[in-house]
Number of protein chains: 2
Amino acid sequence: MDDVARAAGVSLGTVSHVLNHPDRVAPRTRDRVQRAIEELGFVPDRRARSLAGGASSMIGFVVIDLTNSYFVDMARGAEEEANLAGMNVVLANSDIQAEKELTYLHLFDEERVAGILLTPVENLADQAWRSREWRRRLVVANSDGGADRCSVAPDDELGGYLAARHLIDVGRRSLVFAGGLFHLAPVANRLRGAQRAVAETNGAVRMTTVTTAGLRPKDGREVGARLADLPPAERPDGVVAAADLLALGLVQALAGQPGLRIPEDLSVIGYDNNQASWESAIPLTTIAQPGHEVGRTATRLLIEEIREPGTHRHQCIKIEPQLIVRSST
Amino acid sequence: MDDVARAAGVSLGTVSHVLNHPDRVAPRTRDRVQRAIEELGFVPDRRARSLAGGASSMIGFVVIDLTNSYFVDMARGAEEEANLAGMNVVLANSDIQAEKELTYLHLFDEERVAGILLTPVENLADQAWRSREWRRRLVVANSDGGADRCSVAPDDELGGYLAARHLIDVGRRSLVFAGGLFHLAPVANRLRGAQRAVAETNGAVRMTTVTTAGLRPKDGREVGARLADLPPAERPDGVVAAADLLALGLVQALAGQPGLRIPEDLSVIGYDNNQASWESAIPLTTIAQPGHEVGRTATRLLIEEIREPGTHRHQCIKIEPQLIVRSST
DNA sequence: ATGAAAGCGCTAACAC
DNA sequence: GTGTTAGCGCTTTCAT
């Protein structure tokens with residue numbers, strides 16, 4: 001910056017002014033300085049800027065699983081909202097490992113970023129990050145952040161409700177909820193929501209639960225095979241799958257069976273709006289996770305907390321998932 | 001840090017020493033300082049450290065498409081290699097937009113990161129980043145970086161060769177190369193490789209090319225339908241698909257046909273080792289993109305360039321893809 | 001409108 | 001071994 005000042009024949013402080021308060025400097029000198037910046041290819045040093053000024057414009061986002069497009073959507077939402085406020089988002093991949101999560105949390109802390117977004121590793125044994133007092137503002141996404149910070153999460157209970165409700169609306173009366181890993185809050189909440197929808201029918205609709213080993217296509221194919229073996233009278237006419245990949249396997253196993261057309265004889269609804277759900281042979285009706293919206297909202301909250309530390313009140317926001325109707329129901 | 005020094009009853013410089021050269025300080029004072037750090041919850045400021053010392057330990061990786069697991073693999077590889085050298089990797093999502101790519105390149109430049117990794121947007125009109133002289137060390141991944149910088153890319157020609165070679169090895173004699181978007185270097189190179197494998201047979205094997213609109217399952221299903229309509233005599237016995245999702249659609253369309261068992265009557269090989277390839281009903285034989293290895297190598301080159309600016313020579317490294325045999329061949 | 005100077009939090013000589 | 005001090009590149013008062 002010294003060079004720029006010398007080339008433009010002004011003082012260091014003036015160069016700084018054209019960078020930060022261009023209006024407080026005479027148009028002619030401003031032009032002169034800007035030309036010098038151009039010619040010298042001057043690139044300001046953000047480390048020094050934020051050191052001296054105290055304000056970083058970088059938000060660090062510790063993402064749990066970048067192979068899951070839901071979280072990438074969240075990152076996109078976060079970027080959009082951050083850009084609106086003139087801030088940037090950089091990502092770190094914790095890869096479902098509590099250790100890496102902590103490493104990056106520390107990195108961002110030491111980098112003195114303006115704020116941190118975190119999608120925590122859910123394993124209860126691995127929540128060391130909660131016990132530490134982070135000096136950065138931190139908002140939690142996709143999971144409950146506790147009372148003393150902001151968090152934003154999808155409303156899985158509502159999602160489960162919408163899924164079952166949709167099957168009921170298209171005339172299904174004998175449902176199955178297929179899912180596994182019920183110790184995970186999202187799955188458990190989806191089941192609860194589905195049960196609420198059934199309960200509302202006052203007995204007009206029945207639903208049983210089938211537990212799978214996991215939520216992969218393989219698990220779905222197993223359930224599908226089991227359902228296909230059932231005597232037609234006992235067969236359900238609607239399946240709520242806890243995840244799209246599960247639903248996908250289910251449809252694969254069922255689609256070939258005689259007298260079992262999808263969706264005529266059996267409707268299947270998934271959950272996630274996974275890429276596979278719309279690229280499969282029978283595009284899946286599904287509940288779209290509001291990743292984009294979660295990312296935006298979390299970032300909005302974070303920036304609010306950064307900008308107005310005084311008036312800010314912590315809150316936990318639930319985002320509505322979206323029903324997407326396709327060919328499987 | 002002042003507080004720490006005061007609490008430990010030492011000078012500022014000593015605290016700095018226990019942080020940077022713990023061996024140069026007496027064990028007892030070191031312990032005292034470390035205890036003070038603990039108690040005060042002191043978190044060193046990386047901005048100030050790198051400002052004063054000149055060395056950042058952060059590598060910025062501008063990733064083109066985080067929804068593609070190939071690039072996430074690259075990021076993982078980069079992290080591993082960076083950690084080995086005591087460095088960290090933060091990610092930025094350019095999302096296939098040249099504009100965002102430039103934004104993040106500038107961000108990392110201004111942040112004075114130790115080095116930059118870039119998977120460039122391939123659109124030739126959008127290569128503004130090439131014309132600029134980045135002040136950071138930059139290595140290009142997954143694409144040719146040009147003569148004046150390092151780059152690492154998968155050997156697509158070899159991948160295409162391996163794919164066709166495998167079909168030939170399992171006895172296929174009438175091949176089809178199915179693919180689209182031949183203006184993209186990767187696809188074109190895969191085709192060339194496949195043709196080389198065929199040429200080596202001196203006419204014992206024939207291969208025709210079928211052009212698809214894209215590389216999605218939908219496109220695969222179209223080709224599949226076309227092949228199924230062919231009189232059995234004219235039908236190929238092996239298909240090299242330019243991408244897994246394409247192969248997936250193809251298999252879906254073909255699997256149901258009478259007298260067309262996969263792999264007995266027709267072998268299909270994909271490309272990418274996409275998640276879908278191993279989770280589908282008929283797991284796909286495929287060529288695995290060496291994302292992890294590309295990431296590692298690019299980072300190794302970058303760190304080499306950072307650490308030994310004198311002896312470093314720019315180079316362009318090609319990484320071998322891997323044949324993964326599954327049920328479709 | 002511009003310049004001078006004090007510091008942001010730290011590292012790296014250099015003294016003692 | 002430990003303390004002292006001069007910067008690193010910038011922003012921000014406070015003068016002028």
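Below, read A as the first sequence line, B as the second, and so on, with proteins coming before strands; counting in each chain starts at 1.
Across every non-hydrogen atom of A:Ile303 and A:Glu81, the tightest pair is CD1-O, 4.1 Å.
Sequence neighbours left out, the pairs with a member in residues 295-317 of chain B that pass ring pair (Phe, Tyr, Trp, His ring centres under 6.0 Å) are B:His312-B:His314. The ring pair (Phe, Tyr, Trp, His ring centres under 6.0 Å) analysis of residues 86-126 of chain A, with sequence neighbours excluded, yields the pairs A:His106-A:Trp134.
Going from atom CG of B:Asn20 over to atom P of D:dT2 covers 16 Å, rounded to whole Å. In this structure, A:Leu51 places its CG atom 11 Å from C1' of D:dT11, rounding to the nearest Å. Note: CG (B:Leu12) to P (C:dA13) measures 17 Å, nearest angstrom. Atom pair A:Leu19:CG and D:dT12:C1' shows a separation of 14 Å (rounding to whole Å applied). Protein atom NE2 of A:His17 is 21 Å distant from nucleotide atom P of D:dG9, rounded to whole Å.
A search for side chain to side chain donor-acceptor pair (under 3.5 Å) contacts involving A:Lys318 returns nothing, not counting sequence neighbours. Residues forming a side chain to side chain donor-acceptor pair (under 3.5 Å) with B:Asn142 (at least two apart in sequence, or on another chain): B:Tyr70. Partners of A:Ser69 by side chain to side chain donor-acceptor pair (under 3.5 Å), not counting sequence neighbours: none found. Scored by the salt bridge (Lys or Arg N to Asp or Glu O under 4.0 Å) test, A:Asp3 finds A:Arg6 as partners (sequence neighbours excluded).
Near-neighbour residues of DNA chain D inside residues 33-49 of chain B, defined by a heavy atom below 4.0 Å, are absent. Only B:Ala52, B:Gly53, listed by number, bring a heavy atom of residues 52-60 of chain B to less than 4.0 angstrom from any atom of DNA chain C. Against DNA chain D, the stretch residues 107-116 of chain B makes no heavy-atom approach under 4.0 Å. DNA chain C is contacted by A:Arg24, A:Val25, A:Ala26, A:Thr29 of residues 22-31 of chain A, taking any non-hydrogen atom closer than 4.0 Å.
Between A:His21 and the phosphate of C:dA1, there is no side-chain N or O to OP1/OP2 separation shorter than 4.0 Å. Under 4.0 angstrom from either OP1 or OP2 of D:dT4 there lies no side-chain N or O belonging to B:Ser11. Under 4.0 angstrom from either OP1 or OP2 of C:dC10 there lies no side-chain N or O belonging to B:Ser16.
Proximity of a side-chain donor or acceptor of B:Glu101 to a complementary backbone N or O of B:Val121 within less than 3.5 Å is detected.
A salt bridge links A:Glu80 to A:Arg296: at least one charged side-chain nitrogen sits closer than 4.0 Å to a carboxylate oxygen.
Overall, the helix from C:dA1-D:dT16 to C:dC16-D:dG1 carries an axis bend of 40° between its ends, with five pairs at each end and the value rounded to 10°.
Proximity note for B:Met1 (side chain, C-beta onward) versus D:dT2, C:dT11, C:dT2: the nearest is C:dT11.
Atom CD of A:Gln275 is surrounded by more than 12 heavy atoms from other residues, nucleotides or ligands within 6.0 Å. At most 12 non-hydrogen atoms from other residues, nucleotides or ligands lie less than 6.0 angstrom from CD of B:Glu320. Within 6.0 Å of CD on B:Glu99 lie no more than 12 heavy atoms contributed by other residues, nucleotides or ligands.
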Do any side-chain atoms of residues 25-37 of chain B form donor-acceptor pairs under 3.5 angstrom with protein atoms, and if so which ones, sequence neighbours left out?
residue: B:Thr29; atom: OG1; partner: B:Ala26; partner atom: O; Å: 2.8
residue: B:Arg30; atom: NH1; partner: B:Pro22; partner atom: O; Å: 2.8
residue: B:Arg32; atom: NH1; partner: B:Ala8; partner atom: O; Å: 2.6

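Looking at heavy-atom distances under 4.0 Å, B:Val10 makes contact with sugar-phosphate atoms alone, never a base.
In this structure, CD1 on B:Ile64 lies 11.5 Å from NZ on B:Lys100, to the nearest 0.5 angstrom. Rounding to the nearest 0.5 angstrom, the gap separating the CG atom in B:Leu12 from the CE atom in B:Met1 is 4.0 Å.
Looking at heavy atoms from C-beta onward, B:Asp95 lies out of side-chain contact with B:Thr67 at the 4.5 angstrom threshold.
Two residues, B:Arg32 and A:Asp2, neighbour DNA chain D, and the one matched to the more 5' nucleotide by heavy-atom proximity is B:Arg32.
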